[in-house]
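Read the structure below first, then the notes.
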Amino acid sequence: MAKLRAVVTGASSGMGAATVRQLRDLDWDVVAVARREDRLRELAEETGCDYVVADMTSDDDVARMAAEVTAGGPVHALVANAGAAFGQDEIRSADIDDWAKMLDINVLGTLRSVKALIPALIESGRGDIVIMSSTAGRIVYEGGGGYTAAKHGTAAIAETLRLELAGEPVRVIEIAPGMVATEEFSAKRLGSQEAADKVYAGVENPLTAEDCADAIVYALTRPHHFNVDLMVIRPIAQAAQHKVARNRGL
């Protein structure tokens, strides 16, 4: 059997980069996709992956990425991981630009990458689409209207796509992490590392990027008749979106 080949978006850091590493450890061919070429070049030197510099909010970039990827061989998996959160405004004081950015990258970015690669995934005969959503796509919370709206949209793409691709040789997998401590996500959202650190203060062992990559790789490596429709993962300290055990001594 030919070597399996995956495309991972949002691969310059965090869960995306960890997924590239773990798939390469399993000898998959991997194309890492992100905006930051310096980060991608370092990842390629470390893991031996290929990479394409592209912004998932650009129609032209996504079309070029898909053309480059499909010219290089079959595509067996897309990990649609690119996403971001901005701000914590209440809806009555919402920053419209922040909402627009979140919807563009999380919802439309996922749509662009999925739409561009579906023909190749079907043609492969054993395709997988992994959509990275969030527990924020299952429940809302104060100050998170824009992000939860975006992630509900991402979850809706996964659920709709599974219905529309019924009968095709393509699995649609949704991974929904809860509290994950990565090097950039909360700092970008809140504007500083100090603010980001407060999110995880006292939380023993929040999930890591590697934990999330492990969930992705688990789903991808099941026999192809076995579909993980939805996997919700949280640290044991997080019982629910609003219920987090914090040890003030940590």
Side-chain angles (χ1 to χ4, degrees), residues 6-11 14-16 19 23 33 56-57 59 62 66 75-85 91 99-141 144-180 185 207 211-234 238-242:
V7 176
V8 181
T9 70
M15 293 182 283
T19 300
L23 287 174
V33 180
M56 292 300 100
T57 67
D59 292 347
V62 173
V75 182
H76 300 97
L78 165 65
V79 181
N81 169 72
I91 287 174
W99 278 59
K101 287 189 294 184
M102 284 186 280
L103 291 168
D104 199 5
I105 183 61
N106 292 289
V107 181
L108 298 182
T110 297
L111 174 62
R112 290 183 185 99
S113 62
V114 168
K115 183 179 177 182
L117 290 173
I118 278 178
L121 291 163
I122 292 173
E123 186 179 352
S124 77
R126 52 96 62 236
D128 288 327
I129 298 170
V130 179
I131 291 180
M132 292 304 297
S133 66
S134 167
T135 53
R138 300 286 149 187
I139 190 168
V140 299
Y141 54 89
Y147 184 61
T148 60
K151 285 303 184 182
H152 274 72
T154 305
I157 289 175
E159 293 176 13
T160 306
L161 194 58
R162 194 175 298 117
L163 298 174
E164 293 176 348
L165 291 180
E168 299 287 2
V170 179
R171 300 184 295 190
V172 180
I173 298 159
E174 181 186 352
I175 308 292
M179 184 173 276
V180 184
F185 181 83
L207 294 180
D211 292 328
C212 297
D214 188 53
I216 294 166
V217 171
Y218 171 82
L220 285 175
T221 55
R222 296 312 87 205
H224 206 253
H225 71 280
F226 175 156
N227 192 67
V228 178
D229 280 11
L230 168 65
M231 187 188 299
V232 177
I233 56 176
R234 304 181 196 264
Q238 186 184 30
Q241 208 77 351
H242 285 83

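- In this structure, Glu164 has no salt bridge (Lys or Arg N to Asp or Glu O under 4.0 Å) partners at least two apart in sequence or on a different chain.
- Judged by distance alone, with hydrogens and angles left aside, the side-chain atoms of Asn81 form no donor-acceptor pair with the main-chain N or O of Ala11 at under 3.5 Å.
- Listed by first then second residue, pairs satisfying salt bridge (Lys or Arg N to Asp or Glu O under 4.0 Å) with a partner in residues 146-159 read Arg138-Glu159, not counting sequence neighbours.
- Legend: salt bridge (Lys or Arg N to Asp or Glu O under 4.0 Å) pairs involving residues 215-234, not counting sequence neighbours, sorted by first then second residue: Arg162-Asp229.
- Under the 3.5 Å distance criterion, the side-chain polar atoms of His76 are left unmatched by any main-chain donor or acceptor of Leu121.
- With sequence neighbours left out, Thr148 forms a side-chain hydrogen bond (donor to acceptor under 3.5 Å, both in side chains) with no residue at all.
- Pairs of residues two or more places apart, or lying in two chains, that qualify as salt bridge (Lys or Arg N to Asp or Glu O under 4.0 Å) and include a residue from residues 105-119 are Asp59-Arg112, Asp104-Arg112.
- Every residue two or more places apart in sequence or in another chain that forms a side chain to side chain contact (heavy atoms under 4.5 Å, CB included) with Leu103 is listed here: Val107, Ala150.
- With sequence neighbours excluded, the residues forming a side-chain hydrogen bond (donor to acceptor under 3.5 Å, both in side chains) with His242 are Glu142, listed by chain and number.
- Atoms CD1 and OG, on Ile129 and Ser113 in that order, are 8.5 Å from each other to the nearest 0.5 Å.
- Judged as a side-chain hydrogen bond (donor to acceptor under 3.5 Å, both in side chains), and not counting sequence neighbours, the contacts of Ser133 are Glu174.
- The main-chain N or O of Ala80 is never found under 3.5 Å from a side-chain atom of Thr110 such that the two would form a donor-acceptor pair.
- Not counting sequence neighbours, the partners of Thr57 by the side-chain hydrogen bond (donor to acceptor under 3.5 Å, both in side chains) test are Asp55.
- Arg171 is linked by a salt bridge (Lys or Arg N to Asp or Glu O under 4.0 Å) to Asp128, counting only residues two or more places apart in sequence or in another chain.
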Could you list the donor-acceptor pairs under 3.5 angstrom formed by side chains in residues 212-219, with sequence neighbours left out?
none

